[in-house]
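Here's the structure, in structure tokens; my notes come after.
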Amino acid sequence: MSSARTSLVVAAACLAALAAGVAVFLLRPGAAPEQVGTIPATANEQAPASAMLTDLDGRAFTLADYKGKLVIVNFWATWCAPCLHEIPVLVKMQERYAARGFQLIGPAVDDIEEARRAAPGLKFNYPVAVGSPEAMLDLMTQLGNEQGGLPFSVVIAPDGRVLERQLGEYSEIELAALIEENLPQ
């Protein structure tokens with residue numbers, strides 16, 4: 001088989017696998033398109049401040065380390081196209097608002113080595129948390145993502161309250177407005 005034909009067959013197989021994955025996700029019991037988007041927090045809901053995370057360099061940290069800042073915890077994976085599409089917007093927001101009390105944290109729901117390989121090309125300017133995919137999924141569930149979909153973000157106020165959750169990508173405009181509205185005074 002020629003290399004062009006082999007590439008075409010591999011590309012077709014990848015597209016078929018992607019379509020099957022999307023179908024399984026969307027057609028599973030209880031799934032509905034309206035489940036993607038903003039998920040409001042309950043009144044005075046607190047983020048799990050003591051949740052331990054480890055960055056790409058092996059340093060441990062907790063959400064409590066960022067108390068006093070507006071924090072967005074954005075779960076992503078190297079195999080998640082919407083995640084990879086959203087990351088440049090997140091990098092831009094971190095750059096724009098860091099000096100005003102904003103902090104992004106990006107737990108990778110992925111193999112640690114895959115996340116390490118991808119990180120330089122994604123140009124992260126915020127901490128990327130790594131651990132076993134199971135541990136990251138557990139944290140994601142603890143933060144309110146019962147579905148397990150990605151990307152998934154949790155917005156945490158400077159006082160530690162969960163403000164909202166977002167299943168799916170934020171647009172640059174809506175994310176900038178959300179940050180501006182909730183930055184520490």
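Values reported hereafter were calculated over all heavy atoms of this structure, with side chains retained and with hydrogens, waters and symmetry mates removed.
Cluster membership for Val154 and Leu53, using ILVMFWY side-chain heavy atoms within less than 4.5 angstrom, is shared. Note: the hydrophobic cluster containing Ile179 does not contain Ile105 (ILVMFWY, side chain heavy atoms under 4.5 Å, direct or indirect links). Under the 4.5 Å side-chain contact rule for hydrophobic residues, Ile156 and Tyr66 share a cluster.
Side chain of Asp57 to backbone of Arg59: no donor-acceptor contact under 3.5 angstrom is found. When atom types are taken as modelled, the side chain of Gln185 and the backbone of Leu183 share a donor-acceptor pair closer than 3.5 angstrom. Within the 3.5 Å criterion, the main-chain N or O of Pro158 finds no donor-acceptor partner in the side chain of Lys67. Between the side chain of Arg165 and the backbone N or O of Phe152 there is no donor-acceptor pair closer than 3.5 Å.
At most 12 non-hydrogen atoms from other residues, nucleotides or ligands lie less than 6.0 angstrom from CD of Glu95.
Taking every heavy atom of both residues into account, Leu167 and Leu150 meet most closely at CD1-N, 4.2 Å. The minimum heavy-atom distance linking Ala47 with Leu63 is given by the pair CB-CD1, 4.4 Å. Here the closest non-hydrogen pair linking Ala115 and Ala108 is CB-CB, 3.8 Å.
In this structure, the side chains of Gln46 and Arg161 come closer than 4.5 Å at one or more pairs of heavy atoms. Here the side chains of Asn145 and Ile39 are not in contact, with every heavy-atom distance at 4.5 Å or above.
For the atom pair CG of Asn182 and OH of Tyr97, the computed distance is 11.5 Å after rounding to the nearest 0.5 Å. Thr42 contributes atom OG1, which lies 8.0 Å from atom CG of Asn44 (distance to the nearest 0.5 angstrom).
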Side-chain polar contacts of residues 122-144 - donor-acceptor pairs under 3.5 angstrom, sequence neighbours left out - could you list them?
from   : atom 1 : to     : atom 2 : distance (Å)
Asn125 : ND2    : Val91  : O      : 3.0
Ser132 : OG     : Ala135 : N      : 3.0
Thr141 : OG1    : Leu137 : O      : 3.0

Name every donor-acceptor pair, under 3.5 Å, that has one atom in a side chain of residues 69-89 and the other anywhere in the protein, sequence neighbours excluded.
from  : atom 1 : to     : atom 2 : distance (Å)
Asn74 : ND2    : Glu86  : OE1    : 3.1
Asn74 : ND2    : Ser153 : OG     : 2.8
Trp76 : NE1    : Gly106 : O      : 3.0
Thr78 : OG1    : Asp110 : OD2    : 2.4
His85 : ND1    : Glu169 : OE1    : 2.5
Glu86 : OE2    : Tyr170 : N      : 2.8

Legend entry - Residue pair Leu178, Glu164: steps toward the side chain to side chain contact (heavy atoms under 4.5 Å, CB included) verdict: CA-CA 10 Å; Leu178 175 68; Glu164 73 175 41; 3.7 Å; yes

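Between Glu114 and Arg117, at least one side-chain N (NZ, or NE/NH1/NH2) sits under 4.0 Å from a carboxylate O, which counts as a salt bridge.
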